[in-house]
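Below is one structure, written out as structure tokens; the observations come after it.
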Amino acid sequence: MSSNRPVEYRRKPRVEWRHLAHFIGLAALLLGPAAIAHAQDAANFVAQNGVQVQSADASSGGWHVVPTVQKGNVGKEMPQDHSQFPQLKGPFTSPEQVTKACLSCHTDAAQQVMSTIHWTWKAYEPATKTLVGKNHVYNNFCVSPISNEQFCTVCHVGYGSTDPNKFVPFDHRSQDHVDCLVCHDQTKTYHKIPFIGGNPAMEKIAVRPGCGEVYGTDKPYVEPEDLAKIAQSVGAPTRYTCGQCHFYGGGGDGVKHGDMDSSLLNPSRAEDVHMSPQGLNFTCQECHKTENHNVSGSRYITDMMINDHQFMRGSPHNTQAASCVSCHGQTPHKGNDINSSIQAATLNMHTRDIACETCHIPEFARGGLPTKMEWNYATAGKLAPNGSPLVINDSHGWNTYWGVKGSFKWAEDVVPQYHWFNGVERWMNIGDKVQDFKNKDGVVQLNAIEGSPLDGKSKIFPFKIMRNNQPYDTQTGILAVFHSFGFDKDSYTMNYDWQTSIAAGMKAAHLPYSGHFGFVKTDMYWPIEHMVAPKAQALSCMQCHADNGRLQNIDGVYMPHRPKDHNPWLELIGLAAAALALVGVTLHGLIRFGMWLRRRH
């Protein structure tokens, strides 16, 4: 927040147990059993689910479902001039040959990659004691990779079968199926092709109509890759290589996250002060520090309330933190004189209850590209007169209807939705029933967020809320997994038949299907953490605390004119007490003045 006057702010009392622990010396006694309980939770989970769980960071309580991370020889730090290495001269007739050449020097790199969420698509969430990750939770974009893997693995760091109808599970793949080029390409020509298991084109391949953005071309076909040229041009990951997946999540540029799209390749300083060449010109890994190919920061595990310095960058407790506090600390606002110091102190009071992103990301999707806000599967299936899927664009050229997906709503410069958030999300896992995740309005919460102004663990955080209307089994209540993409007869993009595609998807997910389906509204929360504006563009006091301000519907924040922040009787008593005090002081003053006059005479 930015203003020249203190913020009118009222925080409800919160119990700070850590202060009590500091005074009575029980911290060690309390933390020891908690750590043991965390480990026991994970051990029990492993025993029941047959997976190996390794602590990502003992201090943060984060866990990942991974094999043992290797810390061996991965070669010198990038970038090196790989054009001089004879093993990369080629010719290469398959991408696996490139990987074998890479592993001849970077001997442990593949094992490291295969231990990360980028490979497994799995993580263990200790707060809810559940598996999360793409294959385990629902989303309201393409719903689930299950039965759609040959398309979805276009954003996987590995190679699979090139047969569109044959998916090879990740844990069945050998080390030479790790895709080194997808992260390390510097030519900006390397693309993984949909429907062939995350492989690049080794021959000319026709582009499926409407999917040019995913294929990385505006032509009706893609040419085979020059793998030797790309292998000789590798370097450290860039915003471009990270963005090829993260900018295009959900099926298109800017569709999913809202705060990540291709405008971040070269953003203005006003769009992102960290990534802009006119700002700090950060790469992604400047914040998402990486060790042994394990990238810090997780969509599924958020450290919301940071209680000490262990999360600061460079701390021996947690060098991998990826948050604002990691670099800026818990008192980021500084002053140069008495006035600015008072203002800084006032703003620093807010950091206990308000996430940095809330004030410093005033809007998302503000780089000139829209983000998808609503999707309605129930309207899908309409065809144009020539029999192809119907396509409708609005006056901006934004696609508002596509027969294979349904109807959409897009938006730019979106003001986030704000909620108290303690870092815990209750994800709806594959096979869960819609009635167990409905809110008071009957909308299914795919990842209900938790938080309260009174729990001592939450901060007000900004979100994009994505909405859909998607199919579910009306008899069992299970949210449907359906076969969206493929060249086979069961794919919705081929038959436009919900009955068939749902049956195929539920079978692939090993779920029962009654044969009866309907549609249910769903919400999904996406934390807003990128597109950080310069401090001069941070929110002002009145943008939050004025009538109908941004935090109008947030409990635990004082709004001067909000009725629920006022108790008429209490205020009347206060005014009466103040009036009586004024009368008393006045009378006392008059009496003293009268006595003074009397003494003079």
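None of the values given here were measured: they were computed from a predicted structure.
- Counting heavy atoms from C-beta outward, D259 and E529 have side chains that approach closer than 4.5 Å.
- Between the N439 side chain and the V443 main chain, a donor and an acceptor come within less than 3.5 Å of each other.
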**Request:** Applying side-chain contact (heavy atoms from CB on, under 4.5 Å), run through M114 and V178 and close with a yes or a no.
**Result:** CA-CA 8 Å; M114 295 170 79; V178 170; 3.6 Å; yes

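- Considering all non-hydrogen atoms of both residues, P362 and Y418 come closest at O-OH, 4.4 Å.
- Q445 is listed as a side-chain neighbour of Y525, based on a closest heavy-atom distance under 4.5 Å.
- No donor-acceptor pair closer than 3.5 Å links the side chain of N339 to the backbone N or O of I342.
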Contacts under 3.5 angstrom, residues 269-277 side chains, donor-acceptor by atom type, not counting sequence neighbours:
{"unit_1": "E271", "atom_1": "OE2", "unit_2": "S263", "atom_2": "OG", "d": "2.4"}
{"unit_1": "D272", "atom_1": "OD1", "unit_2": "H274", "atom_2": "N", "d": "3.0"}
{"unit_1": "D272", "atom_1": "OD1", "unit_2": "M275", "atom_2": "N", "d": "2.8"}
{"unit_1": "D272", "atom_1": "OD2", "unit_2": "M531", "atom_2": "N", "d": "2.9"}
{"unit_1": "D272", "atom_1": "OD2", "unit_2": "V532", "atom_2": "N", "d": "3.4"}
{"unit_1": "S276", "atom_1": "OG", "unit_2": "P267", "atom_2": "O", "d": "3.0"}
{"unit_1": "S276", "atom_1": "OG", "unit_2": "R269", "atom_2": "N", "d": "3.1"}
{"unit_1": "S276", "atom_1": "OG", "unit_2": "Q278", "atom_2": "N", "d": "3.0"}
{"unit_1": "S276", "atom_1": "OG", "unit_2": "Q278", "atom_2": "OE1", "d": "3.1"}

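- Under a cutoff of 6.0 Å and an axis angle of 45°, K256 and F141 form a cation-pi pair.
- Side-chain atoms of Q470 and N140 form no donor-acceptor pair, as typed in the model, at a separation below 3.5 Å.
- Taking H419 as the reference, nothing meets the side chain to side chain donor-acceptor pair (under 3.5 Å) condition, with sequence neighbours excluded.
- Here F463 and F421 bring their ring centres to under 6.0 angstrom of each other.
- Under the rule for a side chain to side chain donor-acceptor pair (under 3.5 Å), the partners of K192 that lie at least two apart in sequence or sit in another chain are D179.
- The main-chain N or O of P534 is never found under 3.5 Å from a side-chain atom of Q537 such that the two would form a donor-acceptor pair.
- One distance of note links SG of C544 with CG of L539; it measures 5.0 Å at 0.5 Å rounding.
- If you take OH on Y401 and CG on N393, they are separated by 13.0 Å, rounding to the nearest 0.5 Å.
- At distances below 3.5 Å, not a single donor-acceptor pair connects side-chain atoms of R550 with backbone N or O atoms of V415.
- Remark: the backbone N or O of L265 is paired with a side-chain donor or acceptor of R239 at under 3.5 angstrom.
- By the side chain to side chain donor-acceptor pair (under 3.5 Å) test, R299 pairs with E425, sequence neighbours left out.
- In terms of modelled atom types and a separation under 3.5 Å, the side chain of Q186 and the main chain of H184 share a donor-acceptor contact.
- Shortest non-hydrogen contact noted between F437 and K433 is CD1-O, 3.5 Å.
- Residues satisfying the salt bridge (charged side-chain N to carboxylate O under 4.0 Å, His left out) test with R366, not counting sequence neighbours, are none.
- Shown here is K464, whose NZ atom has more than 12 heavy atoms of other residues, nucleotides or ligands within 6.0 Å.
- For the pair T371 (side chain) and G254 (backbone), a donor-acceptor distance under 3.5 Å is present.
- Between V157 and C183, the closest side-chain pair of non-hydrogen atoms falls below 4.5 Å.
- The shortest side-chain heavy-atom distance between C356 and H328 does not fall under the 4.5 Å cut-off.
- Across Q244 and C155, no two heavy atoms sit closer than the pair O-SG, 4.1 Å.
- In this structure, CG in N429 is found 11.5 Å from CG in N135, a value given to the nearest 0.5 Å.
- For the pair N294/S115, no side-chain contact is recorded, criterion being any heavy-atom separation below 4.5 Å from C-beta on.
- With sequence neighbours excluded, no residue forms a ring pair (Phe, Tyr, Trp, His ring centres under 6.0 Å) with F247.
- Put simply, NE2 on H350 and SG on C541 are 6.5 Å apart, with the number rounded to the nearest 0.5 Å.
- Put simply, CG on N469 and NZ on K521 are 7.0 Å apart, with the number rounded to the nearest 0.5 Å.
- At a threshold of 4.5 Å between non-hydrogen side-chain atoms, the residues V520 and L479 count as touching.
- At least one donor-acceptor pair closer than 3.5 Å links the side chain of D253 to the backbone N or O of S262.
- With ring centers used as reference points, W121 lies under 6.0 Å from H156.
- With hydrogens and angles ignored, the 3.5 Å screen pairs a side-chain donor or acceptor of T358 with a backbone N or O of I460.
- Within 6.0 Å of NZ in K409 there are 12 or fewer heavy atoms belonging to other residues, nucleotides or ligands.
- Contact between A546 and Q552 at its shortest, heavy atoms only, is O-OE1, 3.8 Å.
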**Request:** Show your working on side-chain contact (heavy atoms from CB on, under 4.5 Å) between W420 and E450 and close with a plain yes or no.
**Result:** CA-CA 7 Å; W420 287 99; E450 296 189 355; over 6 Å; no

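- Smallest separation of non-hydrogen atoms from M373 and V414: CE-CG1, 4.1 Å.
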**Message:** side-chain contact (heavy atoms from CB on, under 4.5 Å) for W427 and T130? Distances and angles first, verdict last.
**Reply:** CA-CA 9 Å; W427 288 90; T130 58; 5.6 Å; no

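- Using a 30° and 60° split on the angle between ring planes, H396 and W398 fall in the parallel class, below 30°.
- A donor-acceptor contact closer than 3.5 angstrom links the side chains of D337 and S340.
- Side chains of K438 and V444 form a contact here, defined as non-hydrogen atoms less than 4.5 Å apart.
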**Message:** Using the rule given for side-chain contact (heavy atoms from CB on, under 4.5 Å), can you reason through R467 versus I465, listing the C-alpha separation, both sets of side-chain angles and the distance that settles it, and then say yes or no?
**Reply:** CA-CA 6 Å; R467 295 184 165 91; I465 302 180; 3.9 Å; yes

**Request:** Would you sort out whether T331 and N348 count as a side-chain hydrogen bond (donor to acceptor under 3.5 Å, both in side chains), showing the intermediate values?
**Result:** CA-CA 5 Å; T331 55; N348 285 334; 4.9 Å; no

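- Distance check, rounded to the nearest 0.5 Å: NE2 of H118 to SG of C245 gives 7.5 Å.
- Shown here for I146 and V481, the closest heavy-atom pair between the two residues is O-CG1, 3.8 Å.
- A donor-acceptor pair under 3.5 Å is formed between the side chain of N148 and the backbone N or O of F485.
- Residues T400 and D394 have side chains that never bring a donor and an acceptor to within less than 3.5 angstrom of each other.
- The closest side-chain heavy-atom distance from H333 to T351 is below 4.5 Å.
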